[in-house]
Structure formats: C-alpha cells, structure tokens
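Working notes, beginning with the structure itself.
Order of the sequence lines sets the chain letters (A, B, ...), proteins ahead of strands, with each chain counted from 1. Here the structure is a predicted model, which means the values were calculated and not measured. In what follows, every heavy atom counts, from backbone to side chain, and hydrogens, waters and symmetry copies are set aside.
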Number of protein chains: 2
Amino acid sequence: MDLSPEQQDLPGQRGPHHHEMRERIVRAAEARFRHFGYGKTTVSEIAADLGVSSAYIYKFFGSKIAICEAVCASLLGRIDEALWAEARSPRTAAERLRRTYRLLLEHSLAMFFNDRRLHDMVITGLDQRWASISRHVEVMEEVARFLVQEGRASGEFERKSPLDEVAKAVASTFSPFCHPVLLEHGIDDDPGAKAEAVATIVLRGLSA
Amino acid sequence: MDLSPEQQDLPGQRGPHHHEMRERIVRAAEARFRHFGYGKTTVSEIAADLGVSSAYIYKFFGSKIAICEAVCASLLGRIDEALWAEARSPRTAAERLRRTYRLLLEHSLAMFFNDRRLHDMVITGLDQRWASISRHVEVMEEVARFLVQEGRASGEFERKSPLDEVAKAVASTFSPFCHPVLLEHGIDDDPGAKAEAVATIVLRGLSA
DNA sequence: GAAGTGACAAACTGCGTTATTCGTCACCGG
DNA sequence: CCGGTGACGAATAACGCAGTTTGTCACTTC
C-alpha cells in the first residue's frame, strides 16, 4: 500500500533495483537540484560528488530525467509517509482528516518557500505527467478513502453515499492546498484559514 | 457588481473608454489569437484586419499584452455572465449551486477542447497575475457568497458559520473544475462525476 | 559477473548576429 | 479636437554555429 519511495518502479530505471548506489545517486542529485536547479546540474557533477564516472550513473538510470523523477518520487514519498502517519494516528477520523488538510498545506508551503528549485521541478513533472506524481495523487486519494472508511466504521460519518465517490470528492478538495500551481496563486490570501474553512465544510458534509 | 467586460478598467488601456474601435480591436484580436495563438499574431495583422494602421491600435491599448488582457477579460466575462444568469435563476439555492459546478466545468472543458490557444493564453495570464483573471476569480467568489446568502435566506442552509469564510471555502472547491492547469491534469478521470460528487458533499456541508 | 571507465556520436544549450515586431512621436486632414 | 498615419528607435524573436552535455559501448579489473 505504501512502499518506500526507492522501492517503486519508475520509468527509466535500469540495473539492480535494490542497490546502495541508486540511493546515493538520488541523494546526491537531490542536493544538487535543490541548490542549483535541474537545468544547472550535469550528471557528471552528480557522478563527481559520488566519486564515480558519469557512465556508471547510467547503469542505474536510463536518462537524466529519470534521475529527476526518482528525486521527485523521494520528495513526494516523504510527504506521503507523513500523510499516512497522521492518517493512522489515534484520533477521531474527523480530526485526522482536518489535520490532513493542514499537513498537506504545510508541506507544500515549506517546499515552496524553502526549496523553490525543487518546487519548480515538481511543476515540470506535473505537466509531463511523471509516474512519481501520479503515484502521489493516488496516495492522497487512498488516504482520503481510508479516513472516510475509518469515520464510517466509528460512526462519525454517514454511510449511505458510495465510498469511492465520496473519497474522490474529498481528494478533489485537497487540490488548492497541495497543487504547486494553485498554491503559488493563492499564496497571498491566507491559505491556512481557507484550508480550515474547507475542512470544516467537508467534515460537515461527511458527518453522520 | 457585474460590469460588462468591455467596461472594466484594465491596465494598459488608453484613450476613450467607450469607443466602438476598442471593441472591434478586441474582437479582431480574439479571432486571430484563437486561430494562430498570441505569439504568432502581430498587431499589424490585427490592424490590417480592421483596415487601420498599427499606430492607431496604440491609441486604445498601451501594449500588445494589454490587448491580450482585454481579450481574456472578454472571454472570462462571458463565463461570468453565464454564472450570474444561473445564480439568479428561479431555482432553489442548492440546485443553483450544483449547477454552478456543472456550468464552470462545461465552460472550462469547452475552452480546453475547442480553443486550446485561448486556453493557453489564460494560463499565461494566470502566472502573470493579470487583472482580468483576478477579476474572474473575484466574480466566482461573489457568486459563491451570493448563493450561500440566498440559501440562508430561504432556510435551505445553516446560518451559524461566518458567511465570508463559508463563501471562500465554497469558491475554493470550484478550482478543480475551473482552473486550466488542474483541468488539463484531471481531464482523463471523469471530471463531470467528480464535480457532482464535490457538489453533493459541499451542499450537505452547507445544509441546515 | 559485478564494479567501473574512456572515448565518442548525437542531442542540446548558450550566444552573437540579423531580421521582425513593438511601441512612440510628430504630423496630416477634416 | 477626433480620426488617422509613416517613419523611426528600442525591444524581441529567429537563426546558425561553437561548445557542452547526454547517453552508448566496448573494454578493463578484481
């Protein structure tokens, strides 16, 4: 259900799947990308940081963009983990869902303000429909479904409407708080308050 | 509250505000932009279509981009009008709000499929924060607030939570169905059904 | 056969130059 | 004063070329 990011199979991967070098490459690449951006780092530089030749990198990744996807997967994977951790915490489902909105917003804002270059990479990935990003939106849907189920099981939420439909709708309401492009636009208008307000309405809509 | 699009004042306008030529320019520009895109049309061509010189265009617009903004305002203005028409129709507030989701999605999809070039212009406008676009999101918020008020007045909706907060939250849930970038991404996954589902939850969240 | 490399062709980027296009201004005619 | 223009400098876009970077492959070493 929630693999660790490095275990996913992403397009453009190559060679042994579980290999220490693969992880080291991703970490080195992330550092460079964070600092200089995707365009301004060459794979030779990443290789040099690890003390190997660039040819060796290509034993693990089929292209530079594949490295970028892996970095992206790792980044989003960390958010996914935080999301699941919260979703499984010992609180009411309603409280967990409300916190999901907060958590999502918090992580998205953090990326926007602290690592603008990585944020821009994610935007690139978005309109090129990278698998790592689709995976992340799937996880958000799964978390939404899980929380709705939990709330139904505990009697907090109504049980009549089709689970899947409700889960998708809830996940849709996440987008203003997790989508990089929307975020950039609504950044000035107290997104925190908006997230709370949306959470409040949605929770009311779900309640038994 | 809802001016006709040509009457707004937009940055970069110049010369007489109510002038037949201004509207003719916007119409001619829209046709060219729709057909060839913003980048591939020159202001001389727009001028030629109207049988005037390009210098004359600059009596009305301070820059090419200002023309583009006016076209954008006109485009979005048509959507705004449809939204208001629906919002004032003689139906229950709940029904009107549900139809607002549909209407928004319908218009956005139409632009995406039929006039991709204009759609792309709107995206450009979005990350350059054109006034015409801010205006459109304001209108959507106003419509949301209006409908919530109506529903409260008629006893359909609860009356306790602060109106402004609720209106903003409702407007936030519009974004997956009206934001060009989000739309492009979620296009494959039955957006119509998603819109209905979101409407259902939000309406339940608003209900008395 | 796992770890690793140098040498190389193809693809891509940056950049300086040239050709368009943008936008201004002084000016014409009614 | 309103409707309109041609000629011109400034800003931009297109283009071709040199230099980098990407990505492959045959080969080495342990």
So which protein nitrogen or oxygen atoms get under 3.5 Å of nucleotides 17-23 of chain C's nitrogens or oxygens?
from, atom 1, to, atom 2, distance (Å)
C:dC22, OP1, B:Lys64, NZ, 3.4
C:dC22, OP2, B:Val43, N, 3.1
C:dG23, OP2, B:Tyr58, OH, 3.2
C:dG23, OP2, B:Lys64, N, 2.5

* Asked: Less than 4.0 Å between a side-chain N and a carboxylate O, is that true for B:Glu141 and B:Arg145?
  -> no
* Separation of B:Ile57 atom CD1 from C:dT24 atom C1', in whole Å? -> 15 Å
Less than 3.5 Å apart, which donor and acceptor atoms pair up between the side chains of residues 55-68 of chain B and the rest of the protein, not counting sequence neighbours?
from, atom 1, to, atom 2, distance (Å)
B:Ser63, OG, B:Ala66, N, 3.1
B:Lys64, NZ, B:Tyr38, O, 3.1
B:Lys64, NZ, B:Thr41, O, 2.8

* Asked: If we ignore angles and hydrogens, is there a donor and acceptor under 3.5 Å between the side chains of B:Arg78 and B:Ser74?
  -> yes
* Would you mind reading off the distance between B:Met21 atom CE and D:dG4 atom C1', rounded to a whole angstrom? => 9 Å
* Structure fact -> Separation of C:dC12 atom C1' from A:Tyr38 atom OH, nearest Å, is 11 Å
* Whole-Å gap separating C1' (D:dG4) and CD (B:Glu20) -> 15 Å
* **Nucleotide nearest B:Lys40 when distance is taken to its side chain, options D:dT5, D:dA14, C:dT5** => D:dA14
* Asked: Does A:His19 place a side-chain N or O at less than 4.0 Å from the phosphate oxygens OP1/OP2 of C:dA3?
  -> yes
* Asked: Can you check the B:Phe60 CZ to C:dT24 P distance for me, whole Å?
  -> 15 Å
* Short side-chain to backbone donor-acceptor contact, B:Arg117 and B:His35, under 3.5 Å -> yes
* Asked: Over how many whole Å does the gap from A:Lys59 atom NZ to D:dT22 atom P extend?
  -> 17 Å
* Asked: Can you tell me how far P of C:dT24 sits from CZ of B:Phe61, to the nearest Å?
  -> 14 Å
* **A:Tyr56 OH - C:dG6 C1' separation (whole Å)** => 16 Å
* **Parallel, tilted or perpendicular: rings of B:Tyr101 and B:Phe177 (30°, 60°)** => perpendicular
* To do: For A:Glu95 and A:Thr92, indicate whether the former's side chain and the latter's backbone hold a donor-acceptor pair under 3.5 Å.
  => no
